[in-house]
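A short write-up of the structure that comes next.
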Amino acid sequence: MKNQGYYSQFGGAYIPEILASTFDELETAYIEARDDPAFWQEYLDLMSTYSCRATPITRLDNLSEQLGGASIYVKREDLNHTGAHKVNNVMGQGLLTKRMGKTRVIAETGAGQHGVATATMAAKFGFDCTIYMGAHDVARQRPNVFWMEQMGATVVAVTEGSQTLKDAINEAFRDWVTNMDDTHYALGTACGPHPFPEMVSWFQSIIGTEARQQMLDRTGVLPHRVYACVGGGSNAMGLFSGFMDDKEVELVGVEAGGRGRGSGEHAARLAYDDATIGVAQGYKTYFLQDRDGQMQDTHSVSAGLDYVGVSPILSHLHETKRVRFEAATDDDVVAAMQRTVRCEGLIPALESSHAFAQAYLEAPQMSPEENILINMSGRADKDIFTVADAIADPKWRDFIIQKAAAYQMENLNG
Ligand SMILES: *Cc1c(COP(=O)(O)O)cnc(C)c1O
């Protein structure tokens, strides 16, 4: 085990001996790339021609007035290709894969968003691609699986354990151990063994670097508070890193409060008190686990925040109180999303809507001279099934029933 990659007691690289040389190779490639200005320039060129960077900031004129407090700005990561910030990390790792001379990428995915982003990167770079996904998630997330397969990825439905994300991660590591010579594991968030938390945060720092300058250009001052939702922690690390050294800027991470504090049905590792420190999936952080270290079932209306662990860097920033952690409940999140759609015509993903919900709660207590910035980590096209169900839209229900009936008809006739 190596000594680097610790953020106070959190992080590390708890990996099987057989992967040690692969992690060394990755870390060396990452450090060389980080120290090579031409690499970051290549990354910027790629992101500006393939994924609409720099993404703009948008002022919420109507809601700022309606809420009567702080002036609200939004960083538009929803405008990225594939609809979220995930592509920032994935494209960076694609360039690194090329640099290491590897020809195949693998990834884990829960809801499928990271799988789609990785399959996109593989298609663009001409890599072979295998995506590991719990069988349960494959069944739930057909639209994402459809696009991954169209892009040429092999989607493996993992039937071990609970057939969800953590089982997919285990399978991806198993693949890597067998195929490390030609394969890179493109891990999807700021978690896992070192150097992933740091490397993923570095690629995502493009969000914060842009946003800080954009706020200065637009308002002449830094925002008072900055909000981001926290699943594994990559979009939050990306935005926060732009303001980390600005002590006057308060950083707020918003986790999935699910059915609320004390319900046992949430994914709030830092905002509530249910998580404890442990080692799993190759790193040390706060996990939602029982006393024997068994991972608990988590719940959130948003699949992307529904995870037992959290970035070790964020656990550290929680303990040092640089970042304040809050949680938004499912009900508040759906309401915040509907409000944003109705009042501003923006459609934030359910994940991102956690950050909006907390910001809407706090903005009225602030003065109109104060600015806040919310990271809109993604858009909600992918959430249409969940949201339409959550608000019980009758016309959507009729549409699904008719669609199903048409298929049944076809089956009878064919
Ligand atoms: C995956 C996802 C998240 C959660 O991941 P982080 O690593 O915590 O950023 C948040 N928002 C959107 C839109 C996502 O797709």
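Quantities reported herein were computed from a predicted structural model and do not represent experimental measurements. Indexing begins at 1, ligand by ligand and atom by atom, following the structure's order.
Every residue two or more places apart in sequence or in another chain that forms a side chain to side chain donor-acceptor pair (under 3.5 Å) with R174 is listed here: E171.
Atom SG of C343 is separated from atom CG of N62 by 6.5 Å, given to the nearest 0.5 angstrom.
For the residues N235, N375, V200, the heavy atom positioned nearest atom 9 (O) of ligand 1 is part of N235.
Near G233, meaning under 4.0 Å from one of its heavy atoms, ligand 1 places the atoms 6 (P), 7 (O), 8 (O). Atoms of ligand 1 found under 4.0 Å from any heavy atom of G378, numbered from 1 in the order shown, are 13 (C). Ligand 1 places these atoms under 4.0 Å from at least one heavy atom of T189: 6 (P), 7 (O).
Neither the backbone nor the side chain of E77 has any atom closer than 4.0 Å to an atom of ligand 1 (non-hydrogen atoms only). For H85, every heavy-atom contact with ligand 1 shorter than 4.0 Å involves the side chain, none the backbone.
Taking any N or O of G231, backbone or side chain, at least one lies under 3.5 Å from an N or O belonging to ligand 1. Considering backbone and side-chain N/O of G232, one or more are found under 3.5 Å from N/O of ligand 1. Not one N or O of S352 is nearer than 3.5 Å to an N or O of ligand 1, by distance alone.
Stacking of K124 on the aromatic ring of Y50 is recorded, both the 6.0 Å distance cut-off and the 45° axial limit being met.
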Only distances under 3.5 Å count here; give the side-chain donor-acceptor pairs of residues 157-164 to other protein atoms, sequence neighbours excluded, each with its distance to 0.1 Å.
residue: S162; atom: OG; partner: T164; partner atom: OG1; Å: 3.0
residue: S162; atom: OG; partner: K166; partner atom: NZ; Å: 3.2
residue: S162; atom: OG; partner: D167; partner atom: OD2; Å: 2.9
residue: Q163; atom: NE2; partner: T159; partner atom: O; Å: 3.4

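Among the candidates R218, R53, R76, the single residue satisfying the salt bridge (charged side-chain N to carboxylate O under 4.0 Å, His left out) test with E210 is R53.
Y6 and Y14 have perpendicular rings, their planes meeting at more than 60° on a 0 to 90° scale where under 30° would count as parallel.
Protein heavy atom nearest atom 12 (C) of ligand 1, with residue, atom name and distance: S377 OG, 3.5 Å. Among all protein heavy atoms, the one lying closest to atom 2 (C) of ligand 1 is K86 NZ, 2.4 Å. Considering only non-hydrogen protein atoms, atom 4 (C) of ligand 1 sits nearest to G304 O, 3.4 Å.
Shown here for A119 and A153, the closest heavy-atom pair between the two residues is CB-CB, 3.9 Å.
No hydrogens or angles considered: nothing links the side chains of Y272 and E255 as a donor-acceptor pair under 3.5 Å.
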